Amino acid sequence: MQSSNITPGGLVELELDSDTASSVSTVTGELGKRPLTPRGFEGVHGHPSLLLSLSPQVDAFRVAVSSSSDDLQFPLLFVVRQQKGVLSWQVPLIFRGYYQRTYPYQEVSRTLCPMAPVEEPGTEDQYIFVDVASMAPYNVPYELLVSRVVNFELDTGVPFKFYASPSQPQYYLYKFPENVDSVIIKVVSQNAYPCSVVSVQDIVCPVYDLDHSVEFNGVYQSMTKKAAITIRRSDFPSGQFYVVFVIKPEDYACGGSVPVAHQGKGNHTWNLQRVKDLQVTIVPSIKASVYIQAMLLCLIIFLAFYLGALVVAFVHYFRIKRKTLERSYSPDEGGGTVAASHPISASTPEGSSYGAIDESSPSPGRQHCSPDGIPRSRTYSDSSVEEESDFDTMPEIESDKNVIRTKAFIYVSDLSRKDRRIVSKKYKIYFWNIITIAVFYALPVIQLVITYQTVVNVTGNQDICYFNFLCAHPLGVLSAFNNILSNLGHIMLGFLFLLIVLRRDILHRRSVDAKDIYEMEYGIPKHFGLFYTMGIALTMEGVLSACYHVCPNYSNFQFDTSFMYMIAGLCMLKLYQTRHPDINASAYAAYASFAAVIFLAVIGVVFGKDNVWFWVIFTVIHVVASLALSTHIYYMGRFKIDFGIFRRIAMILYTDCIQHCSRPLYMDRMVLLIVGNVVNWSFAIFGLVYRPRDFASYMLGIFICNLLLYLAFYIIMKLRSSERIQPIPLFCIIATAFVWASALYFFFQNLSSWEKTPAESREKNRECILMSFFDDHDIWHFLSAAAMFFSFLVLLTLDDDLDSVRREKIPVF
């Protein structure tokens, strides 16, 4: 312990001797009345030197200074000169936070630039010069402490605990062991606050270990309770790096509250609270063989679906051959199998033709019967349809469809009067439009995420992307290759579904070309345009989800959900189109609706967090859209929505509800629409009251619930109509329910959240659960891809039991 008195405006240069170099050296004194020399920090005052004897390991020394003076106008200046550089700071040390707040600290502790090891102790000596200066016109007390850092090198797999504060940052050295190419730095703390930053920097001096400089070099993350950084040996040619721990002066960056007032004096209590306990553990990352095993596992899992589809295709082929032989030897003149009947039609008096029209006159696209009553195949025009404006040009259909669609009991034959080629071409517009949308949507998305990844790699700012850093395995320039690889299932299963649909389409075309009456007069009319569209949508969901997971964050979440909205909407359109083949929304109108939904989702993500007016407007839009769609469905598109709609609604309510109080004509549809409106209004009220932060998932939940509600209604009505569910669709229904339930379990694990700050998001991070490579969200990708694939198969095969039932006996619901 040593002391001295120096005049105001003076300096003291301390050279501490070798007797204290191996342990601790402390100097106390006051800056007094000696003037600053013109040549700056020059001349020796006090003791001669601090002689550092180097050891075979890397040595690091720490200088701690403190002063009771809190005068910000005349701070103490400390300059440490050593062989590799100069380190300087002032006391009080000033940190600046948000809104120009200042936080002074009277105690400062810094680790000096480490010294390289030597082969034999004592073969080389180094000196450290500590210069202390002040311009204060009065005596300034201070205390200086120099100590050797214990356990400066971190060991692999060994947890190391320590403390740090804003004015007392810490950093340690780590060297890659032999045969280890990648490590994961795991940092945990018992307390979320104070907010901290973990940085990995190359072996250079100076080390950037203060709040305003820690982001200048290396890779860094903000942290509350958890942080994890994966480091590859290839990024550090020397095979070693520093792990730096910096405590921020306030918690705003980590999601904490900003102090009301901490200016000037009175900050000692606040400063004492900003000490954080930390524990760092560095463990080896997975080996290259695990990457290969994970990729093989993905391929094997989804190639098994291809194998299963191939087996089913062979079985189906032999069944078709057998049915063809049976039909050729025992033709069915009465309609094939037992005809399905409407559940209410049984109570209708025989011969009743309520709402029926005269079908005796032949028209294009209608069935013709010979005098003996045997149905003959339809006759079609050979002219091709080149323009969409050519659709619906048949005056016979236009003149009587208003009558047909208001019958009490409607059958598929009533709604399949248009030419097959005209309707099929209209549905194929969906397919070509979605390909155009996919190209124009995917290209800028890919460009943007490449830019995101480049920014992350260049700046080292890992707060840009919201990964599960405890299970983020890099490959090349990609930070989390496992999250991208797990989307392979969407692409492979989407392509497989396209192949299945293509096979069915080819078989159907061959039968039509062969004038097979069962293809033209029996079963649900076959139109595959929407199925092709669904396959493309599933494939693009995998592509865009992979793009999103290149760098998942607040700005690009819509990439992951846009095609989910489209898939849900397309499935509902396909369900409706199954028994309403002539009543279909225009592809342009459908995609415009999807665009409006995506637009609302983006607006909700950006502005909907705490904006009450947004939720009021959205609730009104939601309720009005539900009512408008319900009206269209109930009246089968024959209720016009224009400026006279309110007058017509009032008239219907007066005549049907007040004047006569009549029973709804279409009771089944009415029940579905009432339940659907109750569900949608419940969603609207929930959103208005609770205003969920994740608006995109909220919107997706609305779509999925409506789809499930409609599918459940369809299956119930199918069973009520005495129709059967064959083994393949039954298996798909059971598989869909089971896989969706499992997928949603993993979806709600919430391993990260872009709704919060990056540091708060990392609190949710967890270890890998499959092969030390895939996490819960990757399992969600696997299961959701399989669930959507099975869902598509349900829609594709659900009505296969009607292939031998005449369309005049298949009810519409």
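This is a predicted model, so every value here is computed, not measured.
Between the NZ atom in Lys426 and the CG atom in Leu530 there is a gap of 12.0 Å [rounded to 0.5 Å]. Once rounded to the nearest 0.5 Å, the distance linking CD1 of Ile704 with CG of Leu711 reads 13.0 Å. Here the CG-CZ distance, from Leu795 to Phe497, works out to 7.5 Å after rounding to the nearest 0.5 Å. Distance check: Ile301 CD1 to Phe782 CZ gives 5.5 Å after rounding to the nearest 0.5 Å. Atom CZ of Arg720 and atom CD1 of Ile715 lie 15.0 Å apart (nearest 0.5 Å). One distance of note links CD of Glu541 with OG1 of Thr561; it measures 8.0 Å at 0.5 Å rounding.
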| said: Apply side-chain contact (heavy atoms from CB on, under 4.5 Å) to residues Ile524 and Asp803 and explain how you reach the verdict. | reply: CA-CA 7 Å; Ile524 299 295; Asp803 286 346; over 6 Å; no
| query | Could you walk me through whether Tyr548 and Phe557 pass the ring pair (Phe, Tyr, Trp, His ring centres under 6.0 Å) check? | reply | CA-CA 7 Å; Tyr548 164 71; Phe557 182 71; 5.6 Å; yes
| query | When you look at Phe792 and Cys732, which way does the side-chain contact (heavy atoms from CB on, under 4.5 Å) test go after all the steps? | reply | CA-CA 9 Å; Phe792 291 179; Cys732 292; over 6 Å; no
| task | Would you sort out whether Arg509 and Asp513 count as a salt bridge (charged side-chain N to carboxylate O under 4.0 Å, His left out), showing the intermediate values? | result | CA-CA 6 Å; Arg509 290 181 184 179; Asp513 293 340; over 6 Å; no
| Full working for side-chain contact (heavy atoms from CB on, under 4.5 Å) between Tyr565 and Leu570 | CA-CA 9 Å; Tyr565 300 135; Leu570 289 169; over 6 Å; no
| said: side-chain contact (heavy atoms from CB on, under 4.5 Å) for Phe305 and Phe790? Distances and angles first, verdict last. | reply: CA-CA 11 Å; Phe305 283 85; Phe790 282 124; 3.8 Å; yes
| task | Please step through salt bridge (charged side-chain N to carboxylate O under 4.0 Å, His left out) for the pair Asp800 and Arg724, ending with a clear verdict. | result | CA-CA 9 Å; Asp800 284 353; Arg724 296 182 299 109; over 6 Å; no
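For Phe431, the CZ atom is densely surrounded, since the number of other residues' heavy atoms within 6.0 Å is greater than 12. Atom OH of Tyr306 has more than 12 neighbouring heavy atoms from other residues, nucleotides or ligands inside a 6.0 Å radius. Under a cut-off of 6.0 angstrom, the local environment of CZ in Arg510 is sparse, with at most 12 non-hydrogen atoms contributed by other residues, nucleotides or ligands.
In this structure, Asp582 contributes its side chain and Arg417 its backbone to a donor-acceptor pair below 3.5 Å. Using modelled atom types, one side-chain atom of His580 and one backbone atom of Tyr576 make a donor-acceptor pair closer than 3.5 Å. Remark: side-chain polar atoms of Ser586 are paired, donor with acceptor, to backbone N or O of Tyr588 under 3.5 angstrom. At distances below 3.5 Å, at least one donor-acceptor pair connects side-chain atoms of Asn677 with backbone N or O atoms of Leu673. Without hydrogens or angle criteria, Asp414 side chain to Tyr411 main chain gives a donor-acceptor distance under 3.5 Å. Formation of a donor-acceptor pair under 3.5 Å by the Arg579 side chain with backbone atoms of Pro811 is found in this model. At distances below 3.5 Å, not a single donor-acceptor pair connects side-chain atoms of Tyr441 with backbone N or O atoms of Phe563. Tyr427 places a side-chain N or O within donor-acceptor distance of the main-chain N or O of Pro581, the cut-off being under 3.5 Å.
Nearest heavy-atom pair across Pro444 and Val439 is CD-O, 4.5 Å. Contact detail for Val739 and Leu783: the closest heavy-atom pair is CG1-O, 3.1 Å. Contact detail for Met540 and Ala442: the closest heavy-atom pair is CE-CB, 3.8 Å. The shortest non-hydrogen separation linking Met566 to Tyr591 is CE-CE2, 3.5 Å. Heavy-atom minimum distance, Cys547 versus Ile446: SG-CG1, 3.7 Å. When every heavy atom of Ile728 is checked against every heavy atom of Val312, the shortest pair comes out as CD1-CG1, 3.7 Å.
Side-chain contact check for Thr533 versus Asn433: every heavy-atom pair is 4.5 Å or farther apart. Looking only at side-chain heavy atoms (C-beta outward), Pro525 and Arg807 come within less than 4.5 Å of each other. A 4.5 Å side-chain heavy-atom check between Ile491 and Phe302 finds every atom pair outside the cut-off. Looking at heavy atoms from C-beta onward, Thr797 lies in side-chain contact with Arg504 at the 4.5 angstrom threshold. Counting heavy atoms from C-beta on, the side chains of Phe599 and Gln558 never come closer than 4.5 Å. Counting heavy atoms from C-beta on, the side chains of Cys571 and Leu707 come closer than 4.5 Å. Using a 4.5 Å heavy-atom cutoff, the side chains of Asn680 and Ile702 are in contact. The shortest side-chain heavy-atom distance between Met534 and Val501 does not fall under the 4.5 Å cut-off.
Checked by atom type, the side-chain pair His527/Gln577 shows no donor-acceptor distance below 3.5 Å. Under 3.5 Å, the side chains of Asp560 and Ser545 contain a donor-acceptor pair of N or O atoms. Side-chain contact of Ser791 with Trp740: a donor-acceptor pair under 3.5 Å is present, judged by distance alone.
Ring planes of Phe528 and Phe531: tilted class, angle from 30 to 60°.
Between Asp799 and the choices Lys526, Lys718, Lys574, the salt bridge (Lys or Arg N to Asp or Glu O under 4.0 Å) rule is met once, by Lys718. For the side-chain contact (heavy atoms from CB on, under 4.5 Å) with Met788, the lone residue among Leu493, Ile567, Thr736 that qualifies is Ile567.
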